[in-house]
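In what follows, a structure is listed as structure tokens, so that the remarks can point back to it.
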Amino acid sequence: MNAAVEFPMQREPFEQALRAKGALYHIHHPFHRAMYGGQCTPEQIRGWVANRYYYQVNIPRKDAAIMANCPDAAVRRQWLQRVLDHDGHDGDPGGIEAWLQLAEAVGLSREEVVDQRHVLPGVRFAVDAYYHFARRASWQEAACSSLTELFAPEIHQSRLDSWPEHYPWIDPAGYGYFRKRLSEARRDVAHGLTITLDHFTTAADQQRALEILQFKLDILWSMLDAMTMAYVHHTPPYHTVTDQAVWHRGLAS
């Protein structure tokens with residue numbers, strides 16, 4: 001899509017345009033390709049898990065912000081499930097707890113993940129940008145930003161398919177988060193896609209929706225860029241003026 005759109009797309013072509021954005025999903029980032037190709041070191045896997053935790057803990061905050069801006073009770077009731085999926089409810093410990101189990105499975109302690117000591121400034125900046133967008137945008141625009149879930153089942157399945165073979169040192173008990181999100185992401189995207197297709201009906205609105213989805217893709221890609229600099233090229237933030245060990249505490253042990 002480009003800025004020359006002169007008339008609104010019908011529902012099906014608009015959905016196809018949204019789905020076409022999957023070509024820029026972070027599953028294609030070199031860091032992620034290395035992960036499912038078995039080329040990552042334990043330090044790189046641990047760095048990814050520790051940094052993605054910051055994204056995970058901000059997802060329910062983002063979803064709560066969307067609900068706070070939404071006057072439609074029916075939408076809020078359905079969107080609430082996303083918060084419960086991450087924070088836990090009724091005997092289900094939730095996705096954040098499942099992520100902490102993944103962290104332990106790759107050799108990190110809960111303490112060092114929860115206190116966010118390994119979170120890179122670039123990752124923090126990207127995640128915060130996403131949260132603040134969701135808080136300040138209209139609830140429909142914020143819902144549209146969630147549509148990277150269109151592509152999420154593939155990325156979770158790629159980890160389930162490749163990690164046990166390539167990284168036998170990872171405790172298989174840690175893979176619960178990926179299995180959990182396979183079904184949750186498919187359910188969530190059906191709701192978010194319906195909201196987007198129903199709301200963004202003019203040419204200008206549809207262009208805006210594609211820009212929002214691109215913004216979210218940029219967030220996810222930028223997170224991996226920051227991790228690549230720190231864990232692949234060994235140039236963590238401020239490495240020229242501080243002891244590099246401050247950015248690698250415990251990850252290589």
Side-chain angles (χ1 to χ4, degrees), residues 1-26 52 54-87 89 94-96 122-153 155 181 184-224:
M1 286 299 299
N2 55 51
V5 175
E6 296 179 356
F7 52 87
M9 290 175 278
Q10 296 298 314
R11 194 177 184 89
E12 183 175 347
F14 181 35
E15 179 177 344
Q16 291 174 348
L18 292 166
R19 291 184 180 277
K21 287 288 189 179
L24 302 177
Y25 191 48
H26 66 157
R52 280 283 299 197
Y54 188 67
Y55 180 83
Q56 300 305 133
V57 295
N58 276 282
I59 291 299
R61 296 181 66 218
K62 175 268 299 184
D63 289 324
I66 293 174
M67 290 191 296
N69 290 330
C70 178
D72 188 325
V75 172
R76 292 199 305 271
R77 282 193 295 269
Q78 192 163 352
W79 206 271
L80 176 62
Q81 186 61 50
R82 297 170 183 248
V83 177
L84 298 176
D85 286 341
H86 279 80
D87 285 345
H89 65 101
I96 294 174
V123 170
R124 190 179 299 275
F125 188 86
V127 173
D128 288 352
Y130 179 40
Y131 166 69
H132 289 300
F133 170 81
R135 188 167 62 89
R136 294 167 180 165
S138 71
W139 70 268
Q140 296 97 333
E141 288 191 341
C144 175
S145 72
S146 74
L147 286 184
T148 47
E149 290 166 342
L150 283 165
F151 324 117
I155 208 167
R181 286 304 296 165
E184 291 175 352
R186 292 188 179 98
R187 179 206 64 210
D188 290 347
V189 77
H191 185 213
L193 184 59
T194 296
I195 290 171
T196 300
L197 296 176
D198 286 349
H199 178 74
F200 295 86
T201 56
T202 70
D205 286 346
Q206 290 173 348
Q207 183 65 33
R208 175 62 175 158
L210 292 167
E211 291 169 354
I212 290 169
L213 183 51
Q214 183 61 57
F215 164 73
K216 176 62 180 307
L217 291 165
D218 292 346
I219 294 292
L220 297 172
W221 197 275
S222 295
M223 291 170 62
L224 289 180

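Keep in mind that what you see is a predicted model, and the values were worked out from it rather than measured.
- Residues Leu18 and Thr196 approach most closely at CD1-CG2, 4.0 Å, considering heavy atoms.
- Note: Leu210 CG to Phe14 CZ = 5.5 Å, rounded to the nearest 0.5 Å.
- A pairwise comparison of heavy atoms in Phe133 and Glu141 identifies CE2-O, 3.9 Å as the closest pair.
- Once rounded to the nearest 0.5 Å, the distance linking CH2 of Trp221 with NE2 of His26 reads 9.5 Å.
- Taking all atoms of both residues into account, the shortest heavy-atom contact from Ala126 to Met223 is CB-CG, 3.9 Å.
- Between Glu149 and the options Arg19, Arg82, Arg187, a salt bridge (charged side-chain N to carboxylate O under 4.0 Å, His left out) holds for only Arg82.
- Listed here is the closest heavy atom pair of Ala143 and Ile195: CB-CG2, 4.1 Å.
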task = Evaluate the criterion side-chain contact (heavy atoms from CB on, under 4.5 Å) for residue pair Met67 and Leu80; output intermediate values, then yes/no.
result = CA-CA 8 Å; Met67 290 191 296; Leu80 176 62; 3.9 Å; yes
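- For the atom pair Leu24 CG and Leu220 CG, the distance stands at 11.5 Å (nearest 0.5 Å).
- Contact check for Ile212 versus Ser145: side-chain heavy atoms found under the 4.5 Å cut-off.
- Pro71 places a side-chain heavy atom less than 4.5 Å from the side chain of Trp139.
- Judged by a 6.0 Å distance limit and a 45° cone about the ring axis, Arg124 is positioned over the six-membered ring of Tyr54.
- Residue Ile219 comes nearest to Ala129 through the heavy atom pair CD1-CB, 4.0 Å, listed as atom of the first residue, atom of the second, then distance.
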request  = Report the C-alpha distance between Cys144 and Arg208 in whole Å, list the side-chain angles of each, state the deciding distance to 0.1 Å, and finish with yes or no for side-chain contact (heavy atoms from CB on, under 4.5 Å).
outcome  = CA-CA 10 Å; Cys144 175; Arg208 175 62 175 158; over 6 Å; no
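- Put simply, NZ on Lys21 and OG1 on Thr148 are 12.5 Å apart, with the number rounded to the nearest 0.5 Å.
- Atoms OH and CD1, from Tyr130 and Ile59 in turn, are 5.0 Å apart once rounded to the nearest 0.5 Å.
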task = Please assess Gln81 against His89 for the test side-chain contact (heavy atoms from CB on, under 4.5 Å), listing each intermediate value before the final yes or no.
result = CA-CA 10 Å; Gln81 186 61 50; His89 65 101; 3.6 Å; yes
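- Interatomic distance, Leu193 CG to Arg11 CZ, rounded to the nearest 0.5 Å: 7.5 Å.
- Taking 4.0 Å as the cut-off between side-chain N and carboxylate O, Arg181 and Asp188 count as a salt-bridged pair.
- The two atoms that bring Thr201 and Pro8 nearest to each other are O-CB, 2.9 Å, heavy atoms only.
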ask   = Would Trp79 and Cys70 count as a side-chain contact (heavy atoms from CB on, under 4.5 Å) if you check the C-alpha gap in whole Å, the side-chain angles of each, and the deciding distance to 0.1 Å?
value = CA-CA 10 Å; Trp79 206 271; Cys70 178; over 6 Å; no
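- Side chain of Asn69 to backbone of Arg135: a donor-acceptor contact under 3.5 angstrom is found.
- Put simply, the side chain of Ile66 does not reach to within 4.5 Å of the side chain of Ser146, judged on heavy atoms.
- Gln78 contributes no side-chain N or O that, together with a main-chain N or O of His191, makes up a donor-acceptor pair within less than 3.5 Å.
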